[in-house]
Each structure stands twice: as structure tokens, then as C-alpha cells.
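Remarks on the structure that follows.
Quick note on labels: first sequence line is chain A, next is B, and so on, each numbered from 1.
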There are 2 protein chains.
Amino acid sequence: MLERPVLAVDVVLFGLQAGALAVLLAPRREAPFRGALALPGAALAPDESLLAAARRALAGKAGLPAAAAREVHLEQLGAFDGLYRDPRGRTVSVVHLGLCREPLPAPGGGAAFHPVREVAPGALPFDHGQVLEAALVRLRGKLRYTNIAAFLLPETFRLEELQRVYEAVLDRRLNRANFRTKLLRIGLLARAGVARGGLQGGRPPHLYRFTRGDLEAEERDFL
Amino acid sequence: MLERPVLAVDVVLFGLQAGALAVLLAPRREAPFRGALALPGAALAPDESLLAAARRALAGKAGLPAAAAREVHLEQLGAFDGLYRDPRGRTVSVVHLGLCREPLPAPGGGAAFHPVREVAPGALPFDHGQVLEAALVRLRGKLRYTNIAAFLLPETFRLEELQRVYEAVLDRRLNRANFRTKLLRIGLLARAGVARGGLQGGRPPHLYRFTRGDLEAEERDFL
DNA sequence: GCAAAAGTGTTACCACTACACCCATGC
DNA sequence: GCATGGGTGTAGTGGTAACACTTTTGC
């Protein structure tokens, strides 16, 4: 039997920070690239599921509070086999896409959320630059035909906040009036009261909540 | 260092057989489930890419002619970590979706294409039933916004054949006239001559070819 | 009252559906 | 000429984009 490749997981955890899309990066504690900012990851333990390993990476390397690591939305992005070498041998990484609700938890151990627009393409070690790009493409795609945006927002939110999520991820402006009608038409939003105060002037907005909060609904593309 | 999980690849290879969607199944040559029909797979070699391993599985276990195995369209579906056990230990499989042009090559070693509709849900070993279902969902999805159908057809084809691909995969009838206008509007098809003879009666149809034959074009959803 | 932000309505346009009709070939 | 299948045109419908307008709050 030949030597087995190392199986690892990495996580691209997105969150909203000051209205912009941000990604969690943690300094590497081991060679190679020791000290460099990278996507948090971990080697798969023998009797652990891929998703469990991803949560462990968030709670461990990235220093996310345990409650936050448990509540993060995670889904698999795919396996990456860049043939780079690790001290332990050849590595294949199963990457997961994570989404974190606003307000963002405070990571520890030097990890932090970085605005995606400010992460230079070649700044990340290994193939993490390409991995980040693939995660962005997936997120943009799913925004169009699922309720995945729900996982970037608090339980209840204003429609204007939801629109900002779409604009931050798709990186383009959307028409306010049409966004309202479209999103309300598809019937995935329920009113959840009215925002009280906190805003200067203006009519107080309704708050909304996604129905089917847990699952992802597949409807016709709605943007 | 704890024991490492085994990393394998499996392939869901689809093709068209008598106008119906078919999947390649091969009898297992090793325990467990020795002799049972299953998706062809292989353990990942230490310095082999995932795609290369998938092609090796097709040429080896499934007995596909070398030329056919080389020309098959392959893309990654995802990693599956059903915690089933192999004599070698816990296994994680990176599954690939494959598409094979008409006419189908003749596999060897007992492998054969089976109409998807006739594969009973629980008939396959391991989690291969769920894997097959996931591959179908992916294929249906991609049919809507890419030119992936090209990889199920010969280089040139009649529009009516293309429509049959869509109908076979989506499992529903489509309107002939609207299918024509829609597919021609998106500008991914180029005329490639006229079919000569071979048909009983009727006007001889134009043949078409996908432009951008290699890449997959992403356009607005077009069906 | 005025500014600010939420929420609604109107119109032109474009894509999709369904269906009818025309075209070119073999027999 | 007639059956057969390829290919085209058209009217109705519904969603989308752009934009103007109304409503409700704070000061």
C-alpha cells in the first residue's frame, strides 16, 4: 500500500462588516507559510465528518466562540487537489463555504474578518486565492435562486438591509422599488414587526423574517 | 499521527442510450459488495490529480477504451463522507460527474450502461444511490444555464436530437418551436451543414455544432 | 413645514407560451 | 400529391426595468 494523501478541510467563512462582504482569515501556526494569513483549516480526524471538521477548524484555529461556530451555516464547496506539499505529504482539501450572521462574532488567536475587496489575489498561501474566488462565485450563484442571504443577516431585518446584502455580494447596485416587489412576490418573507427608533428621520421600516429559515428554498431565479 | 482516512474517487458517467439517459455501472471486484453493480471508482494515488484518478477508474475498473476515457467530459460533483467502512478503513470519496458522447463506447469487464429510470433507488451499494441522485440534480441544473448538453452529443447534431437530450434529462416534454427559437437566440449554436439521407421522408434538417465547444458558457437561464 | 427614508403605482419593453402555418424531401 | 418531419411567424401573457409618486416619521 502506497502512502495515503492527507485529507484536510478548509473553510471560507463570509460575513458582513460595515456593509461589505468580509472573509475570515487566521494566521498559520505551522509550516509552511507559518504566520501568513490563510483560510482556517484542519486535518480530518479518522471518525469525523467533513462538516464536523470544518466546525472544529472554526472553533480551533480561527478562535471563533463555540456558539458562533455551531450556528454558522456551512455547505461543501468542493475538493481541491492543488498538488502542494505539506510536511505531512501531499494534501487534498475539502473546502466549505460558511456564512455568518450579523453582527459578526469576535474571533481570537489573531484571526479576523477582512473585506473581500481588499484581499489581493495573490496574497493568500497555497491555492487559497483560487478557493476564495470559487467560494464567491458559488455565493453569487446561490443568491439568485435560494434564500441563502438569510444566513448573512440577523433573524429579523429591514428590506433595505437585505438589499445591501445582495448589492455587497453581487457588487452592483439594484433598484430599490423593484427589489421590494420581487422579493415580496416570492413569498419567502414574513413581516416581523416594525423597527422602533435608532434611525434619524424617515418612516419606520417593517422588519422581515425568512420563512423556512433552516432549509434553502429553490424557486425560480428571483433577481 | 492517527490513521489517515482513505481517499477515493468515484465516477457517475452518463450517456444517451436509445434516447434515454443511462449510467455506467461496473461489477465490484473486491469486498465489500464483491460482484455487485456499483459506480466505478479507484483509490487516489499519491501523486495523481483527482481528475486523473477518475479517468483511470473509467479506463480500468469500467473497461472503457482508452480513447473514450480520455475524451469523456469530467467535472467534480463533491466529496462524500458516508462513514461506511472498507477493509482499508474509513473512506471519503470525491465523486465526479462524467458525460459521454453518442454513440456510447462499449465498456468491458462486465461493465455496462443502465437506463437511469431502471436503477432502483436502493439497488446500489454504499451511498451510491444518493450519489447518483445528486449527479442527476447537478446535471439538470447545469442544463439550464450552460452548454453542458454538448458533451452528450456527437460533434454535430440536429436540433431535434438536442431537444431529446433536454427531454431525457429533464424528464418532460418541451415545445419544439419554442425550443428552436430559444436555443438559436442565445448564439451558442453554429450551422454545420445539412443531414443527408438516412431519414425516411421529411425535409433534411440542418446540423449544428456548439461554438465554444470546450468551455462551458454561462448565459441567462435559457430553459 | 421640511427633510429623510419607507413604500406604492405606472408604463414600456422583452421573453416566454401556445399554436398555426409554411417548406423541402421521399415515395 | 401526399405523408413526414424541419422550420417560421404571430398573438396573448406575464415578468422586469425605470421612474414618478405617496406615506410616515423626526426635528
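For the pair Phe179(B) CZ and dC19(C) C1', the interatomic distance rounds to 19 Å; values are reported in whole Å. When the P atom of dC16(C) is taken as reference, atom OH of Tyr166(B) falls 13 Å away, rounded to whole Å. Atom-to-atom, NZ of Lys182(B) to C1' of dA15(C) comes out at 8 Å; the value is rounded to the nearest Å. A straight line from CZ of Arg185(B) to P of dT17(C) spans 13 Å, rounded to a whole angstrom. One interatomic measurement links the two molecules: CZ of Arg191(A) to P of dA6(C), which rounds to 13 Å at whole-angstrom precision. As rounded to whole Å, 13 Å separates atom P of dT16(D) from atom CG of Leu174(A). Between the CG atom of Leu184(A) and the P atom of dT16(D) there is a distance of 13 Å, given to the nearest Å. The distance from atom CG of Asn175(B) to atom C1' of dG5(D) is 15 Å, rounded to the nearest whole Å.
Checking dT8(D), dG15(D), dA18(C) against the side-chain heavy atoms of Asn178(B) singles out dA18(C) as nearest. The side chain of Ala177(A) approaches dG9(C) more closely than any other nucleotide in the set dG9(C), dA24(C), dC19(C).
Only one option out of Ile148(B), Leu51(B), Leu99(B) pairs with Glu75(B) in a side chain to side chain contact (heavy atoms under 4.5 Å, CB included); it is Ile148(B).
The side chain of His206(A) contributes no N or O atom lying less than 4.0 Å from OP1 or OP2 of dA6(C). The shortest distance between the side-chain N/O atoms of Arg180(A) and the OP1/OP2 oxygens of dA6(C) is not below 4.0 Å. Contact check, Arg203(A) against dG7(C): no side-chain N or O comes under 4.0 Å of OP1 or OP2.
Side-chain contact annotation: Tyr208(A) with Arg158(A), donor-acceptor N/O pair under 3.5 Å absent.
The distance between the ring centers of Phe157(B) and Phe210(B) falls below 6.0 angstrom.
Between Val92(B) and Ala79(B), the shortest heavy-atom distance links the atoms CG1-CB, 4.4 Å.
Between the side chain of Arg176(B) and the base of dG7(D), at least one donor-acceptor pair of N or O atoms lies under 3.5 Å.
A salt bridge between Arg140(B) and Asp171(B) is absent, with no side-chain N of the basic residue lying under 4.0 Å from a carboxylate O of the acidic one.
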